[in-house]
Engineer: 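First the structure, then my questions, so here it is.
Order of appearance sets the numbers: ligands from 1, and atoms from 1 within every ligand.
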Amino acid sequence: MSRLETRLTSDPVDMEAFAPIAAWAFGNDCRSALEWLERGDPGCLRVASRGAPRGTSIEAGLLEIPMGQWFGGERLSMLGIAGVAVAPEARGQGVALALVQSTLRAARERDIALSMLYPSTYRLYRKAGYELAGSYCSFTLQLGKLPRVPRALAVGSLDGAAAEALYRRVARGRDGHVDRGPYVWRRVREPRGEPTRGFGVSDASGLIGYVYARPAELRKVPLELSLSDFVIGDRRAFQALLGVFAEHSSVAERVTWHGGPADARLLGVPERALEVRIEQYWMLRLVHVERALLGRGYPELDAEVDLEVEDAVLPENSARYALRVQAGKPSIGGAARATRRARLGVGSLAAMYSGFVSPRELATAGAIEADERTLATLGAVFGGPAPSSADFF
Ligand SMILES: CC(C)(COP(=O)(O)OP(=O)(O)OC[C@H]1O[C@@H](n2cnc3c(N)ncnc32)[C@H](O)[C@@H]1OP(=O)(O)O)[C@@H](O)C(=O)NCCC(=O)NCCS
């Protein structure tokens, strides 16, 4: 059998060849699968094929979604991966793993630091060096339990550029939130191609909160208002938007949105009207370990630790990283060995790096070798707010 090769493409012939594979993989029809591919960023479909140049020989594919991700208040380049699909005839032969590995290698060559995805199976992605690293929670607010609150601030139409700026300002403080690129913003504004309405709350300084909303199902009363984005910059914005929700309560039963397990909104909900569920855990991969360690923000502390990292998929990452943090500023290098040393695989590093599991929990899972003092130091260095994302892709 000839070698499996992967390539990025925007060729309609390739898209049409991959659409039935994606459709079958996700229980969709070919037309909708093709429309979904067309909503991807141009040239971001990666296909795997053997021999023949275009179209017919395609066995698998995935969508690359270039964007950023925040950790410790700093933005790192991140490649989102979605829609990994292998033709039924080609499954069980290592095609998906080879495709993901080749995607990671190409990402590293483009100096991308991280990769994130929502897994449908852990085994495949763990083999590729990903590990669970954050949550994606769903919130349901029961409007019947919500007192009607007078609005102190007016709610108006929404300016897209102002919404993007406010999202960035808020998301920067939430570890794991993505710096959305065009594809994710399209999903926010037109989830599955359906239009939304944006409502914004402003004060003299500009936009301080907004939602993008639509009915979860058309012509179904009582309504569920589904928010594809819900961002508040301060408490007044939250109160104003709660007021908007309450004013829909004659026909709407509930409002739903996604985000991290805890943020300022929880403190503003006046009654026990909120149901929360961890819908998914997402996985993270350190594509370029050095860039990832140097690019994130750290608490303002001083620490030194040698991290001995093993990476079977991208062996260039396998090395000893003498990580030094001085007043929160990271550097790597220096001949002198730190007194604190840890050994771990690149997947375990991802789970610790994001703050998803503490180093001590990693040790309990047998996923890191380090003494107690080193575990405590690593906990201080990588600890932070529970990593989360408001975006599924
Ligand atoms: C999941 C899918 C992509 C796997 O493709 P594949 O080419 O058969 O996978 P590979 O042969 O490369 O498997 C690599 C590893 O992952 C494991 N794996 C693959 N599919 C798995 C599954 N459904 N459950 C558990 N492990 C799985 C394999 O066992 C293998 O590990 P091993 O060598 O230790 O046994 C394919 O079944 C598919 O297209 N499914 C439908 C769509 C889907 O779920 N996509 C993933 C979206 S995130």
Engineer: Go through R108 and E316 one step at a time and tell me if the salt bridge (charged side-chain N to carboxylate O under 4.0 Å, His left out) criterion holds.
Structural biologist: CA-CA 10 Å; R108 198 184 146 94; E316 312 90 296; 3.6 Å; yes

Engineer: Which protein heavy atom lies closest to atom 12 (O) of ligand 1, and at what distance to 0.1 Å?
Structural biologist: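 Residue, atom and distance for the closest contact: L97 N, 2.9 Å.
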
Engineer: Flag this pair as yes if the NZ/CZ of R75 is under 6.0 angstrom from the six-membered ring centre of W70 and inside a 45 degree cone about the axis; otherwise no.
Structural biologist: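 Verdict for W70: no cation-pi partner in R75.
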
Engineer: Can you report which non-hydrogen protein atom sits closest to atom 47 (C) of ligand 1, along with the distance?
Structural biologist: S120 OG, 3.3 Å

Engineer: Scan side-chain atoms only and decide if Y136 and S388 contain a donor-acceptor pair under the 3.5 Å cut-off.
Structural biologist: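 Checked: Y136/S388 side chains show no N/O donor-acceptor pair below 3.5 Å.
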
Engineer: Looking only at side chains, do S331 and R324 share a donor and an acceptor under 3.5 Å apart?
Structural biologist: no

Engineer: So which heavy atom in the protein is nearest atom 37 (O) of ligand 1, and how far is it from that ligand atom?
Structural biologist: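 Here the nearest protein heavy atom works out to R91 CD, 3.3 Å.
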
Engineer: In the protein, which heavy atom is nearest to atom 17 (C) of ligand 1, and how far is it?
Structural biologist: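 Answer, as residue, atom name and distance: R123 CD, 3.9 Å.
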
Engineer: Which atoms of ligand 1 have any heavy atom of A85 under 4.0 Å away?
Structural biologist: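 What qualifies from ligand 1 is 39 (O).
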
Engineer: Can you tell which of V100, L124, I81 gets a heavy atom nearest to atom 13 (O) of ligand 1?
Structural biologist: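 The option holding the nearest heavy atom is L124.
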
Engineer: Which option wins on minimum heavy-atom distance to atom 7 (O) of ligand 1: A60, A96, A128?
Structural biologist: A96

Engineer: To the nearest 0.5 Å, how far apart are CD1 in I232 and CD in Q239?
Structural biologist: 9.0 Å

Engineer: Tell me whether G92 has any N or O atom under 3.5 angstrom from an N or O of ligand 1.
Structural biologist: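 Min N/O separation from ligand 1 is below 3.5 Å for G92.
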
Engineer: Going by distance only, is there an N or O of A25 that falls short of 3.5 Å from an N or O of ligand 1?
Structural biologist: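 Among all N and O atoms of A25, none is under 3.5 Å from an N or O of ligand 1.
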
Engineer: Write out the residue and atom name of the closest protein heavy atom to atom 11 (O) of ligand 1, then the distance separating them to 0.1 Å.
Structural biologist: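 Closest protein heavy atom to atom 11 (O) of ligand 1: G94 N, 2.8 Å.
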
Engineer: Please state which protein non-hydrogen atom is closest to atom 45 (N) of ligand 1 and give its distance, to 0.1 Å?
Structural biologist: V84 O, 2.7 Å

Engineer: Considering only heavy atoms of Y125, which atoms of ligand 1 have at least one such atom less than 4.0 Å away?
Structural biologist: 46 (C), 47 (C), 48 (S)

Engineer: Please identify which atoms of ligand 1 are closer than 4.0 Å to at least one heavy atom of Q93.
Structural biologist: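 The list of qualifying atoms is 11 (O).
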
Engineer: Within 4.0 Å of atom 19 (C) of ligand 1 (strictly less), any protein heavy atom?
Structural biologist: no

Engineer: Considering only protein heavy atoms, which is closest to atom 24 (N) of ligand 1, and at what distance to one decimal place?
Structural biologist: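 Result: T121 OG1, 3.5 Å.
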
Engineer: Contact between Y210 and Y167 at the side-chain level, heavy atoms closer than 4.5 Å - yes or no?
Structural biologist: yes

Engineer: With no hydrogens and no angle check, just 3.5 Å: does a side-chain donor-acceptor pair link S49 and E59?
Structural biologist: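 No - no donor-acceptor pair under 3.5 Å links their side chains.
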
Engineer: Can you tell me if E279 and H258 form a side-chain donor-acceptor pair at under 3.5 Å?
Structural biologist: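 There is such a pair (donor and acceptor under 3.5 Å, judged by atom type) between the side chains of E279 and H258.
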
Engineer: Going by distance only, is there an N or O of K127 that falls short of 3.5 Å from an N or O of ligand 1?
Structural biologist: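 N/O-N/O distance below 3.5 Å exists for this pair.
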
Engineer: Show your working on ring-ring contact (aromatic ring centres under 6.0 Å, His included) between F230 and F245 and close with a plain yes or no.
Structural biologist: CA-CA 12 Å; F230 178 14; F245 304 157; 5.6 Å; yes

Engineer: Would A90 count as a polar contact of ligand 1, with the cut-off being nitrogen or oxygen pairs under 3.5 Å?
Structural biologist: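 There is no such contact.
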
Engineer: Any donor-acceptor pair under 3.5 Å linking the side-chain atoms of Y212 with those of R189?
Structural biologist: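 Side chains of R189 and Y212: pair found under 3.5 Å.
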
Engineer: Under 4.0 Å, heavy atoms only, figure out whether ligand 1 is touched by the backbone of Y122, its side chain, both or neither.
Structural biologist: neither

Engineer: Below the 3.5 angstrom mark, is there an N/O of P119, backbone or side chain, next to an N/O of ligand 1?
Structural biologist: no

Engineer: Does either side chain, that of S205 or that of D203, offer a donor lying less than 3.5 Å from an acceptor on the other one?
Structural biologist: yes

Engineer: Run the contact test for Y118 against ligand 1 with a 4.0 Å cut-off on heavy atoms, strictly below, and give the result.
Structural biologist: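 So Y118 counts as touching ligand 1.
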
Engineer: Just say parallel, tilted or perpendicular for the rings of F26 and W36, cut-offs at 30° and 60°.
Structural biologist: perpendicular

Engineer: Decide whether an N or O pair under 3.5 Å exists between V86 and ligand 1.
Structural biologist: yes

Engineer: Does NZ or CZ of R39 come closer than 6.0 Å to the centre of the six-membered ring of Y183, within 45° of the ring's axis?
Structural biologist: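 So R39 doesn't make the cation-pi contact.
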
